[in-house]
Amino acid sequence: MESILTKSAVEQSKAILNKEITAEELTAASIKRIKETDEKIGAFNSLTEETAMETAKKADEKLAKGETLPLLAGVPLALKDNMNLTGSKTTASSKILENFVSPYNATVTEKLLNNLIPIVGKANLDEFAMGSSNENSAFKKVHNPWNLNKVPGGSSGGSAAAVASGQTALSLGSDTGGSIRLPASFCGIVGMKPTYGRVSRYGLIAFASSLDQIGPFARTVEDAAALLEVISGYDYHDSTSLNLPVEKYTESLNNDIKGLKIGVIKELYDEGISPDVLKAVNNAIETYKSLGAEIKMISLKNLKYSIGVYYILATAECSSNLARFDGVRYGHRSQNPKNLMELYCKSRAEGFGPEVKRRIMLGTYALSSGYYDAYYKKAQQMRKLVYNDFLEAFKEVDVLISPTCPNTAFDIGSKTEDPLEMYLTDIGTITANLAGIPGISIPAGYDSDNMPVGLQILAPQLQEARLLNVAHQFEKQHDYANKIPMI
Ligand code: GLN
């Protein structure tokens, strides 16, 4: 493996600026590594080599002219395959969109290209981002670079595995209930879900629109901060995006955190947490104490309802969002139907995988008349209570910490028979989506099988800078960052 690929994104960017390597050489090296390793990993649905090389060339030309390069210019990135890149396939890892070519760029894509960040390919995911292990991809499974028999986490498993295996230093994922933080935790990297509305969702295939948010993956907190800076901001095309200035997240990383109040989420500390994960959280508590932070136990009393609430709201929203994939407006069209009804039914029956069908049926049920009040409306009310728990908590502490997931990466195939058990892996992450607050997962140690453990940090809405600062201070005390297990 070329040693430049083992560097962080910020280091790769410096190497370009110092003319130690060209953006084209770096991008070619990244593509070569993908070609050499991806048969084993399965991180990519497709490569976008031509666009990537074109973007890299633009960066090199700009530099040669003596012009200033934008942040992260020339540093290769993987885009989750549910975000549009004009002229390339956006499949959402679903058979129904297997041949769908994006007619326009997502806003994040536009921002990446403006910054001359080469997009090397479209990363594998659970079909329509529904899943926690990437086993729901209609095309292929993703293997965890730390142990190829284990899942990488989901739904952004390809984005996480690409970064963890050194194929790229950066990627984008989307997080509806934990889909960035969980795979970051399972793959030993940094993954962040920003505040709802901080990053535009325009051009992201919608799963549950009130929960979806795009965010960065990287091997260091600094890289994640830099990438977040690139993709954040108001967008006219997304009415839920926030019209507020974007901070320079990289500039506050080294702020002193002495006296900072850190809450440990009680419900994610005592019950059902694996001993290795608990050990890592306890180590994190000690680290923060040594940095002068104050630690306090905080109870989020409605956290136990969050999985139930999420699986009503997310499925209800998805049943509506996925109605457009009907073989007429978008997607696979069944051959030789007898009538229009059969065209709709067969196209959807042939195109969607089992988990997506399960979600659509659950969601349609929750929204149907007679059940709406009992399920959907109640879930909305509970969502408010979960949000209120955080409001109360953040009166007492500046940030909250917990394990990202109660366990580390599990064996491929070990949970596929039991959807409910799979859903429970999201217990640590879902509340942040319900409350719209930012959350990050950072590497915090290893279990007895040498699989990475993730620490989650949560902050109040729009406190991304604080979140990244607290994460970076932890990272500096340890040697968990920027590790590539398979060289
Ligand atoms: N694992 C959760 C689900 O299956 C979350 C997915 C996500 O965040 N996209 O719905």
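Note that ligands are numbered from 1 as they come in the structure, with each ligand's atoms numbered from 1 the same way. Sequence positions, counted from 1, serve as the residue numbers for this chain.
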| said: With salt bridge (Lys or Arg N to Asp or Glu O under 4.0 Å) as the test, pick out the partner of Asp389 among Lys266, Lys301, Lys384. | reply: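 Exactly one candidate clears the test, Lys301.
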For [X], is at least one N or O under 3.5 Å away from an N or O on ligand 1?
{"X": "Tyr310", "value": "yes"}
{"X": "Ser179", "value": "yes"}
{"X": "Asp426", "value": "yes"}
{"X": "Gly131", "value": "yes"}
{"X": "Ala129", "value": "yes"}
{"X": "Gly178", "value": "yes"}

| With a cut-off of 6.0 Å (strictly less than), are more than 12 heavy atoms of other residues, nucleotides or ligands near OH of Tyr375? |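 Not buried by this count: 12 neighbours or fewer within 6.0 Å.
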| query | With a cut-off of 6.0 Å (strictly less than), are more than 12 heavy atoms of other residues, nucleotides or ligands near NZ of Lys483? | reply |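 It does: Lys483 NZ has more than 12 such atoms within range.
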| said: Only heavy atoms of Phe207, strictly under 4.0 Å: list the atoms of ligand 1 that pass. | reply: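 Reading through ligand 1 atom by atom, the close ones are 9 (N), 10 (O).
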| message | Angle between ring planes, Tyr202 versus His237, binned at 30° and 60°: parallel, tilted or perpendicular? | response |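 Tyr202 vs His237 ring planes: parallel.
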Under a 3.5 Å threshold, yes or no: a donor from one side chain and an acceptor from the other, between [X] and [Y]?
{"X": "Ser448", "Y": "Asp276", "result": "yes"}
{"X": "Lys122", "Y": "Thr48", "result": "no"}
{"X": "Asn482", "Y": "Ser8", "result": "no"}

| ligand 1 contacted by Arg359 (non-hydrogen, < 4.0 Å) |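 Yes, Arg359 has heavy atoms under 4.0 Å from ligand 1.
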| query | Judged by non-hydrogen atoms, does Ser155 sit under 4.0 Å from ligand 1? | reply |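 Judged by the 4.0 Å heavy-atom criterion, Ser155 does count as contacting ligand 1.
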| Among Tyr330, Phe207, Phe128, whose side chain to side chain contact (heavy atoms under 4.5 Å, CB included) with Leu322 holds? |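 It is Phe128, the one option of Tyr330, Phe207, Phe128 that forms the side chain to side chain contact (heavy atoms under 4.5 Å, CB included) with Leu322.
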| message | Using a 4.0 Å heavy-atom cut-off, which part of Tyr423 comes near ligand 1: side chain, backbone, both, or neither? | response |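 Neither; nothing of Tyr423 gets under 4.0 Å from ligand 1.
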| Between Tyr311 and ligand 1, which part of the residue brings a heavy atom under 4.0 Å of the ligand: side chain, backbone, both or neither? |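 Side chain only.
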